[in-house]
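Written out below as structure tokens is the structure these notes cover.
The structure presented is a predicted model; accordingly, all values stated were derived computationally and were not measured. Atoms considered below: every heavy atom in the structure, side chains included; atoms not considered: hydrogens, waters and symmetry mates. Letters go in sequence order (proteins before strands), and every chain restarts at 1.
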Number of protein chains: 2
Amino acid sequence: MLPPDVEPCCPPLSERPFTAEEAERTARMFRALGDPVRLRLFTAVASHPDGEACVCDISDVGVSQPTVSHHLKKLKEAGLLTSERRGTWVFYRVEPSVLAGMGQMLTPRAA
Amino acid sequence: MLPPDVEPCCPPLSERPFTAEEAERTARMFRALGDPVRLRLFTAVASHPDGEACVCDISDVGVSQPTVSHHLKKLKEAGLLTSERRGTWVFYRVEPSVLAGMGQMLTPRAA
DNA sequence: CGTCTGCTTCGACGTATGTCAACCTAGGAG
DNA sequence: CTCCTAGGTTGACATACGTCGAAGCAGACG
């Protein structure tokens, strides 16, 4: 279900005006990081050793556990995280290529 | 000539878990780019010659003029754009340092 | 089997957000 | 002054979104 192929979603933001379709795709990813709770969850996963963490390790962000699960699902749908169940626990892991793609979009022209 | 004197908003997303305050600040910026219309407006300004554009040049994004104005205001509040009136027209310009700061946050650990 | 634990899904609720039509303001042209 | 154009503001509306409690589901363990 998840193509591991890394294709650049869109050109840098300053290269040319986005089409409606490009804007839709890109906005989904930025919107995923546009929530404080999701940002805390994401940084918690990303900064964890081995780049992965189980939900129990990161769910101390001030909201209920169902809400944590809801936000992790959103991050997964945006392609920023992947999840895998191992025994009792579910581990989340960052998808570095997607993150790198977003970084490339923010590259200024002169750099 | 261009010192990488970037706004030290927050460390890279993979450095450590964000605090609630950091997440709030950062989420505001990402959320600003989390709307398709805003993304089209922003890329239209950013890709314009001289890095600036008047509203009349970029307002063909499929929504009404008040909505365009509303989104430009949001981008301005997020610090991504600045505006200046010159005669009849209002020109919007990208704030490169803020954009670069966001790019640094998306920098993977190995880079 | 039954129960406990970790996590997800469901259903409901309040708030935030995108959108538009109508109106308002600023500045140039006559 | 009047009129026109470029944009911003207001108010209202529908939808999206974040949040929670309750219920459901999957493994581990006895």
Nearest to the [X] side chain among [options], which nucleotide is it?
X: A/Trp89; options: C/dC20, C/dG6, D/dG18; value: C/dG6
X: A/Arg38; options: D/dA22, D/dG18, C/dT19; value: D/dG18
X: B/Pro66; options: D/dT19, C/dT9, D/dG8; value: D/dG8
X: A/Cys56; options: D/dG8, C/dG28, C/dC7; value: C/dC7
X: B/Lys74; options: C/dC7, D/dG21, C/dT17; value: C/dT17
X: B/Ser69; options: D/dA28, D/dT9, C/dT8; value: D/dT9
X: B/Arg31; options: C/dT8, D/dG18, C/dT17; value: C/dT17

Please report, rounded to the nearest Å, how far the [atom2] atom of [N] is from the [atom1] atom of [X].
X: B/Asp60; N: D/dA6; atom1: CG; atom2: P; value: 14 Å
X: B/Glu84; N: D/dA6; atom1: CD; atom2: C1'; value: 16 Å
X: B/Leu33; N: C/dT17; atom1: CG; atom2: P; value: 15 Å
X: A/Glu24; N: C/dG18; atom1: CD; atom2: P; value: 12 Å
X: A/Gln65; N: C/dC10; atom1: CD; atom2: C1'; value: 14 Å
X: A/Lys73; N: D/dC17; atom1: NZ; atom2: P; value: 13 Å
X: B/Leu72; N: C/dG18; atom1: CG; atom2: P; value: 13 Å
X: B/His71; N: D/dG8; atom1: NE2; atom2: C1'; value: 14 Å

query = When rounded to the nearest 0.5 angstrom, what distance separates NZ in B/Lys74 from CG in B/Leu81?
reply =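 Between B/Lys74 NZ and B/Leu81 CG, I get 14.0 Å after rounding to 0.5 Å.
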
ask   = Measuring from B/Tyr92:OH to B/Glu84:CD, what's the distance to the nearest 0.5 Å?
value =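 Rounded to the nearest 0.5 Å, the OH-CD separation comes to 12.0 Å.
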
ask   = What's the shortest heavy-atom distance between A/Ala78 and A/Met29, and which atoms?
value =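 In terms of heavy atoms, the two residues are closest at O-CG, 4.1 Å.
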
According to a strict under-4.0 Å criterion, is [X] in side-chain N/O contact with OP1 or OP2 of [N]?
X: B/Tyr92; N: D/dG8; result: yes
X: A/His70; N: D/dG18; result: yes
X: B/Thr67; N: C/dC20; result: yes
X: A/Ser64; N: D/dC20; result: yes

query = With nearest nucleotides of DNA chain C determined for B/Arg86 and B/Val63 from heavy-atom distances, which residue corresponds to the more 5′ nucleotide?
reply =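 The residue mapped nearer the 5' terminus is B/Val63.
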
query = CD of A/Gln104: more than 12 outside heavy atoms within 6.0 angstrom?
reply =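 Not more than 12 within 6.0 Å, no.
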
ask   = Near A/Asp57 CG, under 6.0 Å, is it more than 12 heavy atoms from other residues, nucleotides or ligands?
value =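 Result for CG/A/Asp57: enclosed.
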
Reference residue A/Leu72; test side chain to side chain contact (heavy atoms under 4.5 Å, CB included); the match among A/Val37, A/Val90, A/Ile58 =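 Among A/Val37, A/Val90, A/Ile58, the one that satisfies the side chain to side chain contact (heavy atoms under 4.5 Å, CB included) with A/Leu72 is A/Ile58.
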
query = Does A/Gly87 or B/Arg85 map to a spot on DNA chain D nearer the 5' end, using the closest nucleotide for each?
reply =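 It is B/Arg85 whose nearest nucleotide is closer to the 5' end.
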
request  = Under 4.0 Å between any heavy atoms, over every strand shown, what does A/Val68 touch: base, sugar-phosphate, or nothing? Just pick one.
outcome  =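 No contact.
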
